[in-house]
Participant: 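Would you mind keeping the following structure in view while I ask a few things?
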Amino acid sequence: MLTIKQWLLCLDEMDRMFPDAHCELVHDNPFELTIATLLSAQCTDVLVNKVTKNLFQKYKTPEDYLAVPLEELENDIRSIGLFRGKAKNIQKLSQRLLDVYGGEVPANREDLVTLPGVGRKTANVVLSVAFGVPAMAVDTHVERVTKRLGLCRWKDNVLQVEETVMKKTPIEKWSKTHHQLIFFGRYHCKAQKPGCNECPLFDLCREGQKRMKKGLVTR
DNA sequence: ATCCCGAGGG
DNA sequence: CCCTCTGGAT
C-alpha cells in the first residue's frame with residue numbers, strides 16, 4: 001500500500017500533468033448537471049455532450065421532460081447506452097423534483113439519492129460540481145487508478161475506495177483530485193493499455209512495479 | 001450477481 | 001470481434 005507521503009507525491013505529479021482538470025459534462029445549472037451525470041452511466045462524456053446539446057435546447061425544466069411521451073424522450077437519448085432505463089428515470093426524477101422539492105435539485109446527499117437514477121456516485125458529482133460541497137465520486141476511473149497505484153486494495157468496494165481517498169487527501173483538494181484521477185485514467189492510465197512506459201507516476205505505482213517484474217514495461 | 005445497452009476504440 | 005465508458009436498480 002502507498003504511504004501518505006507517496007500519495008501526496010502522486011497528487012503533486014498530477015498537478016503537473018493535469019493542472020486544469022475539470023468536469024467535462026457541459027451544463028448550465030444543477031438540474032442540467034444532474035441529467036447529464038445520470039446519462040453518463042456506462043457512457044463517455046463526449047457522447048453525453050453530443051446528446052445534451054440538443055436535449056437541453058428542447059427540455060429546460062422538469063415539466064418539459066414530463067410533457068412528452070416516454071418514447072419521445074427515449075428517441076432523444078437513443079444514441080446513449082441504457083437509454084430505456086435512463087429515459088424512464090429522467091421522467092420519474094422530474095416528477096419527484098416537482099412533487100417533493102419544488103422543482104429544484106436538492107443540495108444534500110440524502111435527498112439526492114432518493115431521486116430515481118441517482119445513486120451515490122451521481123449524487124457526489126452533483127454535490128461537488130454544482131454545489132461546491134466536498135465529496136468524492138468514485139467512478140470506473142477513480143476505482144481503477146487508485147487500485148493500480150496502491151492507494152486502495154483490489155478487494156475494496158466503491159464505498160471503501162471513497163472513504164480511503166477522502167481520508168488520505170486534503171479536503172480542499174478533493175474536487176481537483178477527483179477530476180485529475182479521471183483525466184489520468186481516461187487519457188493515460190487506460191483500462192486496456194496503461195501507459196506505464198511514459199508514466200510520471202511509475203516509480204510510485206504498485207501495479208507499475210508488478211508489470212515491470214513481468215517484463216511488460218520497457219523503461 | 002445480473003441486467004440494461006449504444007458508440008467508439010483496438 | 002472484444003472491451004470500455006464519470007452506474008443504478010433489482
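Atom set for the values below is all heavy atoms of this structure, side chains included, hydrogens, waters and symmetry mates excluded. Quick note on labels: first sequence line is chain A, next is B, and so on, each numbered from 1.
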Participant: Main chain of A/Asp111, side chain of A/Thr114: is a donor-acceptor contact present, judged purely on distance under 3.5 Å?
Facilitator: yes
Participant: Please identify the 5'-most and 3'-most nucleotides of DNA chain C with any atom under 4.0 angstrom from a heavy atom of chain A.
Facilitator: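 With heavy atoms of chain A under 4.0 Å away, the range is C/dT4 to C/dA9.
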Participant: Evaluate whether atom CD of A/Glu104 has more than 12 neighbouring non-hydrogen atoms of other residues, nucleotides or ligands under 6.0 angstrom away.
Facilitator: no
Participant: Report which part of the nucleic acid A/Thr122 touches: base, sugar-phosphate, or nothing (heavy-atom distance under 4.0 Å, all strands).
Facilitator: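 Sugar-phosphate only.
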Participant: What distance, rounded to whole Å, do you find between the two P atoms, one in C/dT6 and one in B/dC3?
Facilitator: 24 Å
Participant: Assign each of A/Asn89 and A/Cys23 to its nearest nucleotide of DNA chain C by heavy atoms, then name whichever residue's nucleotide is nearer the 5' end.
Facilitator: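 Its nearest nucleotide lies further toward 5', so the answer is A/Cys23.
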Participant: Main chain of A/Val68, side chain of A/Gln91: is a donor-acceptor contact present, judged purely on distance under 3.5 Å?
Facilitator: yes
Participant: Assess the pair A/Phe31 and A/Tyr65: is the distance between their ring centroids shorter than 6.0 Å?
Facilitator: yes
Participant: Near DNA chain B, under 4.0 Å by heavy atom, which residues of residues 43-64 of chain A?
Facilitator: A/Leu47, A/Lys50
Participant: By the 4.0 Å heavy-atom rule, please label A/Val138 as base, sugar-phosphate, or nothing.
Facilitator: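 Since no nucleic acid heavy atom lies under 4.0 Å of A/Val138, the category is nothing.
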Participant: State plainly whether the residues A/Asp76 and A/Lys58 are in salt-bridge range, i.e. N to O under 4.0 Å.
Facilitator: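 Yes.
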Participant: Which comes earlier along DNA chain B counting from the 5' end, the contact point of A/Gln192 or that of A/Leu82, where each point is its nearest nucleotide?
Facilitator: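 The 5'-side residue here is A/Leu82.
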Participant: Rounded to whole Å, how long is the line connecting atom CG of A/Leu39 with atom P of B/dA7?
Facilitator: 14 Å
Participant: Hydrophobic clusters here meaning ILVMFWY residues chained together by side-chain heavy-atom distances under 4.5 Å, can you tell me if A/Leu98 and A/Leu112 are in one?
Facilitator: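 Looking at the clustering, A/Leu112 is in a separate group from A/Leu98.
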Participant: Any donor and acceptor pair, going by atom type alone, linking the side chain of A/Gln180 with main-chain N or O of A/Phe18 inside 3.5 Å?
Facilitator: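 Between the backbone of A/Phe18 and the side chain of A/Gln180 there is a qualifying donor-acceptor contact (under 3.5 Å).
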Participant: Is the backbone N or O of A/Ile182 less than 3.5 Å from a side-chain atom of A/Asp139, with the two atoms forming a donor-acceptor pair by type?
Facilitator: no
Participant: Donor-acceptor check, side chain of A/His22 to backbone of A/Asp20, threshold 3.5 angstrom: yes or no?
Facilitator: yes
Participant: Mind calculating the distance between NZ (A/Lys86) and C1' (B/dC3) to the nearest angstrom?
Facilitator: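 Between C1' of B/dC3 and NZ of A/Lys86: 14 Å.
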Participant: Whole angstrom is fine here: how far is it from CD in A/Glu74 over to C1' in B/dC5?
Facilitator: 12 Å
Participant: Take atom P in B/dA7 and the same atom in C/dG8, then report the distance between them in whole Å.
Facilitator: 22 Å
Participant: Using a heavy-atom cut-off of under 4.0 Å over every strand shown, decide if A/Arg84 touches base, sugar-phosphate, or nothing.
Facilitator: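 Result for A/Arg84 = sugar-phosphate.
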